[in-house]
Amino acid sequence: MDEVVEEEVLVEGQKDEEVDPSETSAAVTVIPIDERIAASQDLGSVLNSASGTVVRRLGGLGDYSAVSIRGSSFRQVQVFLDGIPLNPDGSSAVNLVELPLSYFQRVEVYRGNAPSHFAAAPLGGVVNLVTQPSDYQQGALSYGSMETARMVVSVPFQGQWAGRPVDSLLLADGFQSKGDFLNFSDNGTIYNVTDDTLLPRQNNEKTQFNSYFRWRVGDERLRFSFSDVFLTRDEGVPGTSNLPSLTTNLATRRNIATAQLEGQHSAAMWNARVWSNQRLERYDNRSGEVGIGRVWEESTYGTWGVLSSVAYGFKSWLLPRITLSAHRDAVKQANLIGGSTPREHYRTAAVGVLGVDAWLLQDQIKLSPVVQVDWLNNQDLTTITESNTGYAVDREQVLSVLSPRAGLLLRPRHTHWLSLKANWGEYLRPPDFSELFGNRGSIVGNDELVSESGWQWDVGARATASFSQDVAAAFDLTYFERKAENQIVFIQNSQRTSIPVNFAAAHLRGVEAALTLGLWDWVDSQSNLTWTDSENLTPVASDRGKRLPRVPEWELNQSTSVHW
């Protein structure tokens with residue numbers, strides 16, 4: 001018994017080990033990126049196939065897309081790259097097209113409660129992207145309509161250095177598209193159908209290059225690794241179908257560098273990492289084609305963070321884990337037309353998490369309580385601005401928030417094929433820099449915003465079966481409820497701009513069902529059905545009780561692949 005649990009202790013949290021949905025209380029979907037995924041798919045289409053997820057797109061292949069989980073906003077979903085947060089505390093909405101699918105060996109989607117080692121408590125859930133193994137080797141070239149082309153190259157290396165194993169991986173992904181698909185236009189006259197037409201989408205071209213490099217030395221007992229993720233992307237901003245733009249452009253540069261030291265000994269496992277996420281966006285709308293007028297803006301976003309996690313199996317049935325994390329987020333926005341000197345705004349945050357996994361009654365029950373404490377220092381974001389009432393002052397200078405969570409996994413005796421699950425938790429998200437200060441002339445900042453908060457719980461079951469050596473099946477069924485207070489929504493306040501405001505409250509509930517079939521090692525089928533009921537709890541009588549916008553009541557996804 002001790003040897004089995006010790007093996008679980010050593011393996012848990014290792015990057016290359018796949019999560020087993022039958023061994024965790026979390027409502028999680030694991031999507032392998034292999035031959036079952038069509039070559040035309042991207043990260044957005046893969047995420048859209050998971051239960052409870054909705055991916056919104058602003059166009060076709062290569063255009064902006066972001067993911068919502070269980071009716072959440074995009075910022076209420078935290079995206080991780082090998083455990084490194086791309087948007088800590090929901091500091092932005094992650095553009096999925098900036099992350100090439102070729103980078104990843106699998107995608108993990110946690111709906112609601114997520115494991116404690118992420119040190120995150122988002123209202124929607126967590127998406128963890130796990131990069132390719134060190135022996136991954138690929139070369140691909142594709143070309144299609146709208147002058148769309150993509151090239152993918154990966155170069156692995158494995159060897160020895162000072163008697164220790166060394167491996168490295170270099171991935172490069174280039175993409176470009178003219179994006180001139182036919183776009184419907186009513187010419188601004190919705191009641192006159194005689195001037196309706198289909199026109200090519202203008203100023204929708206995009207060019208993107210990504211690279212990923214990882215170098216590691218050592219083995220599972222002690223290993224040091226360094227990784228660097230680079231992105232450069234240039235794209236046109238096409239405007240509306242009736243008022244297309246011709247010259248508006250957005251250029252993005254991003255670099256994520258991470259250094260990590262990890263090790264394990266006996267029943268102990270630990271890791272420590274530092275990372276830097278730097279992003280530069282230059283928006284050129286000097287012609288005033290999009291938004292409120294002429295805008296030429298350069299925005300610099302930076303995150304520096306540290307994280308340390310220690311897990312130790314004191315007993316064969318008890319595994320506590322302590323995770324400490326801290327990061328500093330900063331933004332600097334420069335008006336290139338006026339030549340003003342930009343002021344840097346920053347926020348510091350620290351997180352402490354104590355999580356415990358306890359196996360009881362001969363592993364029939366697994367309890368996973370988590371206590372998380374978030375500390376946010378917003379003092380630098382405190383702004384005083386003139387308003388109709390005098391002054392508006394940020395009301396949340398320093399926050400200390402306790403976010404408890406808990407998970408329960410029950411596997412009845414003599415029914416190894418059945419897993420029963422339950423989760424509950426409280427969550428928090430502060431307003432991000434774009435919501436506070438505005439962005440690119442289309443979002444008007446609101447410095448009176450307060451943090452979103454809420455709770456969520458779910459219950460579910462997972463059943464697996466192997467009818468023969470050639471036929472396997474898994475069925476998941478989950479019921480969830482979620483309530484959000486002070487949710488931040490964007491309200492259109494003119495023809496071309498919107499302003500974020502705190503929404504009173506919203507209540508959501510739903511059912512997620514998923515069926516996975518594997519036949520003869522060459523046929524795979526995945527079916528997902530999600531029903532979501534959303535309710536507006538605003539005190540405004542005319543809106544109270546109505547459904548929330550952009551939260552579909554029904555969603556069905558079915559995919560079947562045949563491969564050799």
Side-chain angles (χ1 to χ4, degrees), residues 15 33 42-43 64-67 74-75 77-108 117-120 122 126-134 136 152 154 168-175 208-216 223-234 250-262 271-282 299-309 325-332 346-349 351 432-434:
K15 181 175 74 70
I33 309 301
D42 58 7
L43 180 59
Y64 179 92
S65 63
V67 62
F74 301 147
R75 290 170 172 82
V77 177
Q78 285 197 25
V79 180
F80 290 77
L81 179 64
D82 286 337
I84 300 299
L86 300 183
N87 58 336
D89 300 321
S91 59
S92 64
V94 174
N95 186 0
L96 301 177
V97 300
E98 296 180 355
L99 301 164
L101 195 61
S102 59
Y103 277 11
F104 312 117
Q105 61 171 307
R106 70 177 182 273
V107 177
E108 301 167 355
H117 63 263
F118 289 112
V126 164
V127 174
N128 186 37
L129 309 171
V130 182
T131 53
Q132 296 288 0
S134 297
Y136 179 70
V152 181
S154 66
S168 64
L169 179 65
L170 175 63
L171 275 164
D173 188 298
F175 172 82
Q208 178 173 307
F209 175 78
N210 297 76
S211 67
Y212 172 80
F213 174 73
R214 182 181 66 229
W215 181 83
R216 299 188 299 193
R223 180 164 59 187
F224 172 80
S225 60
F226 172 80
S227 64
D228 187 87
V229 184
F230 174 76
L231 161 76
T232 177
R233 177 179 171 91
D234 289 276
L250 175 63
T252 303
R253 307 290 182 271
R254 186 198 65 201
N255 194 82
I256 306 171
T258 306
Q260 176 173 273
L261 188 65
E262 57 186 335
N271 72 76
R273 64 174 70 121
V274 296
W275 76 87
S276 169
N277 186 350
Q278 307 299 312
R279 184 182 183 91
L280 172 68
E281 295 181 354
R282 177 169 288 190
S299 301
T300 304
Y301 303 89
T303 298
W304 298 263
V306 297
L307 182 144
S308 179
S309 180
S325 177
H327 60 88
R328 180 183 185 271
D329 302 324
V331 62
K332 185 185 295 184
Y346 64 88
R347 168 190 282 142
T348 54
V351 181
D432 69 12
F433 294 135
S434 296

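Note that the coordinates shown come from a computational prediction; the quantities given were computed from them, not determined experimentally. Note that the numbering runs from 1 along the sequence shown for the chain.
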Revision key, fill the gap. Sequence neighbours excluded, the answer for side chain to side chain contact (heavy atoms under 4.5 Å, CB included) partners of Ser227 is Tyr212, Arg214, Thr258

Check your understanding: Do Leu99 and Asn210 come within less than 4.5 Å of each other through their side chains, counting heavy atoms only?
Key -> no

Revision key, fill the gap. Minimal heavy-atom distance between Gly83 and Arg273, with the atoms involved, is O-NH1, 3.3 Å

Practice item. State, without any angle test, whether Asn87 and Ser92 hold a side-chain donor-acceptor pair at a distance under 3.5 Å. Key: no

**Study point:** Nearest-0.5 Å distance that lies between atom CG in Leu86 and atom CG in Leu129
**Key:** 7.0 Å

Review point. Measuring from Phe226:CZ to Phe213:CZ, what's the distance to the nearest 0.5 Å?
Key: 7.5 Å

Review point. Taking the side chain as C-beta and beyond, is there a heavy-atom pair between Val107 and Ile33 under 4.5 Å?
Key: yes

Point to revise | Distance in Å, Asn255 CG paired with Ser211 OG, rounded so as to fall on 0.5 Å steps | key: 7.5 Å

Exercise for review: Determine, step by step, whether Glu262 and Ser309 satisfy the side-chain contact (heavy atoms from CB on, under 4.5 Å) criterion, reporting the C-alpha distance in whole Å, the side-chain angles of both residues, the deciding distance to 0.1 Å, and the verdict.
Suggested key: CA-CA 9 Å; Glu262 57 186 335; Ser309 180; over 6 Å; no

Exercise for review: Evaluate the criterion side-chain contact (heavy atoms from CB on, under 4.5 Å) for residue pair Gln278 and Trp304; output intermediate values, then yes/no.
Suggested key: CA-CA 9 Å; Gln278 307 299 312; Trp304 298 263; 3.2 Å; yes

Exercise for review: Please confirm whether Phe80 and Phe118 have ring centers closer than 6.0 angstrom.
Suggested key: yes

Review point. Would you say the side chains of Thr232 and Arg253 form a donor-acceptor pair under 3.5 Å?
Key: yes

Review point. Does any donor atom in the side chain of Ser91 or Asp432 lie under 3.5 Å from an acceptor atom in the other side chain?
Key: no

**Study point:** Whether Tyr103 side chain and Val229 backbone form a donor-acceptor pair below 3.5 Å
**Key:** no

Review point. Think Arg254 forms a cation-pi with Phe230, using NZ or CZ under 6.0 Å from the six-ring centre and within 45 degrees of its axis?
Key: no

Review point. Are the side chain of Gln260 and the backbone of Ser225 linked by a donor-acceptor contact shorter than 3.5 Å?
Key: no

Check your understanding: Do Gln208 and Leu231 have side chains that get closer than 4.5 Å, going by heavy atoms?
Key -> yes

Review point. So, do Val127 and Val77 sit near enough that their side-chain heavy atoms are less than 4.5 Å apart?
Key: yes

Check your understanding: Quick one: CZ on Arg233 to CD on Glu98, what's the gap to the nearest 0.5 Å?
Key -> 6.5 Å

Check your understanding: Taking Gln105 for the side chain and Thr131 for the main chain, is one N or O donor matched with an acceptor at less than 3.5 Å?
Key -> yes

Check your understanding: Backbone N or O of Ser102 within a donor-acceptor pair of the Asp173 side chain at under 3.5 Å?
Key -> no

Revision key, fill the gap. Contacts of Asp228 meeting salt bridge (charged side-chain N to carboxylate O under 4.0 Å, His left out) (sequence neighbours excluded), chain-then-number -> none

Check your understanding: Got Leu81 and Phe104 here, is their nearest side-chain heavy-atom distance under 4.5 Å?
Key -> yes

Exercise for review: Would you sort out whether Arg328 and Thr303 count as a side chain to side chain donor-acceptor pair (under 3.5 Å), showing the intermediate values?
Suggested key: CA-CA 6 Å; Arg328 180 183 185 271; Thr303 298; over 6 Å; no

Exercise for review: Taking the side chain as every heavy atom from C-beta outward, state whether Asp82 and Val130 have any pair of such atoms under 4.5 Å apart.
Suggested key: yes

Review point. Does a sphere of radius 6.0 Å around OH in Tyr64 hold more than 12 heavy atoms from other residues, nucleotides or ligands, not counting ones at 6.0 Å or beyond?
Key: yes

Revision key, fill the gap. In short, Ser325 meets Trp275 closest at the heavy-atom pair OG-CH2, 4.2 Å

Check your understanding: How about Phe209 and Phe175: do any of their side-chain heavy atoms sit closer than 4.5 Å?
Key -> no

**Study point:** Between Glu108 and Asn128: side-chain donor-acceptor atoms closer than 3.5 Å
**Key:** yes

**Study point:** Side-chain heavy atoms of Tyr301 within contact of Glu281, under 4.5 Å
**Key:** yes

Check your understanding: Looking at OG of Ser134 and CG of Leu169, how far apart are the two atoms once the value is rounded to the nearest 0.5 Å?
Key -> 6.5 Å

Check your understanding: If you round to the nearest 0.5 Å, how far is NE2 of His327 from CG of Asp329?
Key -> 5.0 Å

Exercise for review: Would you please say whether a donor-acceptor pair under 3.5 Å links the side chains of Asn271 and His117?
Suggested key: no

